[in-house]
Amino acid sequence: MYTDKTIVCKDCGQEFTFTAGEQEFYAERGYNEPQRCKSCRMAKKNNMQQNNEEGAEKTRHPAVCAECGKDCEVPFIPRGDKPVYCSDCFRKIKENKE
């Protein structure tokens with residue numbers, strides 16, 4: 001049984017609560033407990049994304065969208081066993097699922 005736990009953020013030093021529900025979620029997925037509060041995790045994530053955007057361009061691979069049939073480029077090598085979508089169709093499909 002999990003109980004709420006208070007953790008001190010390693011970046012800003014503020015205390016934050018690691019709830020019982022969050023602990024269960026992390027344990028189910030084999031994640032380590034967080035070391036940063038939510039705002040510091042978000043700041044770190046945004047910083048990493050900015051560094052990736054400023055760094056080398058990611059390799060793009062040609063594909064044909066399974067939805068609209070347009071030629072497109074994707075950031076992974078299509079294997080052929082799953083459909084590949086252009087960014088417009090992918091966004092529409094993702095929005096419809098939510």
Side-chain angles (χ1 to χ4, degrees):
M1 195 75 197
Y2 298 99
T3 58
D4 289 358
K5 185 180 199 178
T6 301
I7 299 175
V8 176
C9 176
K10 79 177 206 175
D11 286 351
C12 69
Q14 296 287 351
E15 291 185 348
F16 66 96
T17 303
F18 187 35
T19 67
E22 290 170 330
Q23 290 175 50
E24 185 175 0
F25 176 86
Y26 276 55
E28 286 174 357
R29 286 160 180 78
Y31 299 158
N32 295 326
E33 72 179 36
Q35 297 179 7
R36 294 175 178 86
C37 64
K38 186 171 183 172
S39 60
C40 287
R41 286 196 309 265
M42 295 299 288
K44 183 177 180 197
K45 181 180 178 182
N46 289 337
N47 190 29
M48 288 174 53
Q49 286 176 341
Q50 285 177 345
N51 288 340
N52 284 341
E53 290 169 4
E54 293 168 2
E57 281 291 314
K58 291 185 179 179
T59 304
R60 308 286 290 179
H61 303 276
V64 177
C65 178
E67 185 72 19
C68 70
K70 286 192 318 189
D71 288 333
C72 61
E73 291 184 345
V74 293
F76 56 88
I77 299 173
R79 299 185 319 206
D81 63 337
K82 293 184 178 180
V84 174
Y85 302 105
C86 66
S87 57
D88 292 335
C89 291
F90 181 79
R91 193 176 307 109
K92 288 175 190 172
I93 291 168
K94 188 176 178 183
E95 287 172 359
N96 288 338
K97 286 185 179 180
E98 293 175 352

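Predicted model, so just to flag it, every value in this text is computed and none were measured. Both backbone and side-chain heavy atoms feed into the values below; hydrogens, waters and symmetry mates do not.
- Between Val84 and Ala63, the shortest heavy-atom contact is CG1-CB, 3.8 Å.
- The closest side-chain heavy-atom distance from His61 to Pro78 is below 4.5 Å.
- In this structure a side-chain-to-backbone donor-acceptor pair under 3.5 Å is present from Asp4 to Ala20.
- Using modelled atom types, one side-chain atom of Gln23 and one backbone atom of Thr3 make a donor-acceptor pair closer than 3.5 Å.
- Atom-to-atom distance recorded for Gln14:CD and Cys40:SG is 8.5 Å, nearest 0.5 angstrom.
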- Task: Evaluate side chain to side chain contact (heavy atoms under 4.5 Å, CB included) for Ser87 paired with Cys72, printing each intermediate quantity in order.
- Result: CA-CA 8 Å; Ser87 57; Cys72 61; over 6 Å; no
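- By the 4.5 Å side-chain criterion applied to Ile, Leu, Val, Met, Phe, Trp and Tyr, Phe16 is assigned to a cluster that also includes Ile7, Phe18, Phe25, Tyr26, Tyr31.
- Under the 3.5 Å distance criterion, the side-chain polar atoms of Arg60 are matched with a main-chain donor or acceptor of Glu73.
- Side chain of Arg41 to backbone of Arg36: a donor-acceptor contact under 3.5 angstrom is found.
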Please output the side-chain donor-acceptor pairs of residues 90-97 that fall under 3.5 Å, not counting sequence neighbours, one pair per line with the distance.
| residue | atom | partner | partner atom | Å |
| --- | --- | --- | --- | --- |
| Arg91 | NH1 | Asp88 | OD1 | 3.3 |
| Asn96 | ND2 | Lys92 | O | 3.3 |

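- For the salt bridge (charged side-chain N to carboxylate O under 4.0 Å, His left out) test with Lys5, the passing option among Glu24, Glu33, Glu22 is Glu33; the others fail.
- Other residues, nucleotides and ligands contribute at most 12 non-hydrogen atoms within 6.0 Å of the CG atom of Asn32.
- Here the SG atom belonging to Cys37 is positioned 11.5 Å from the CD atom belonging to Glu15, to the nearest 0.5 angstrom.
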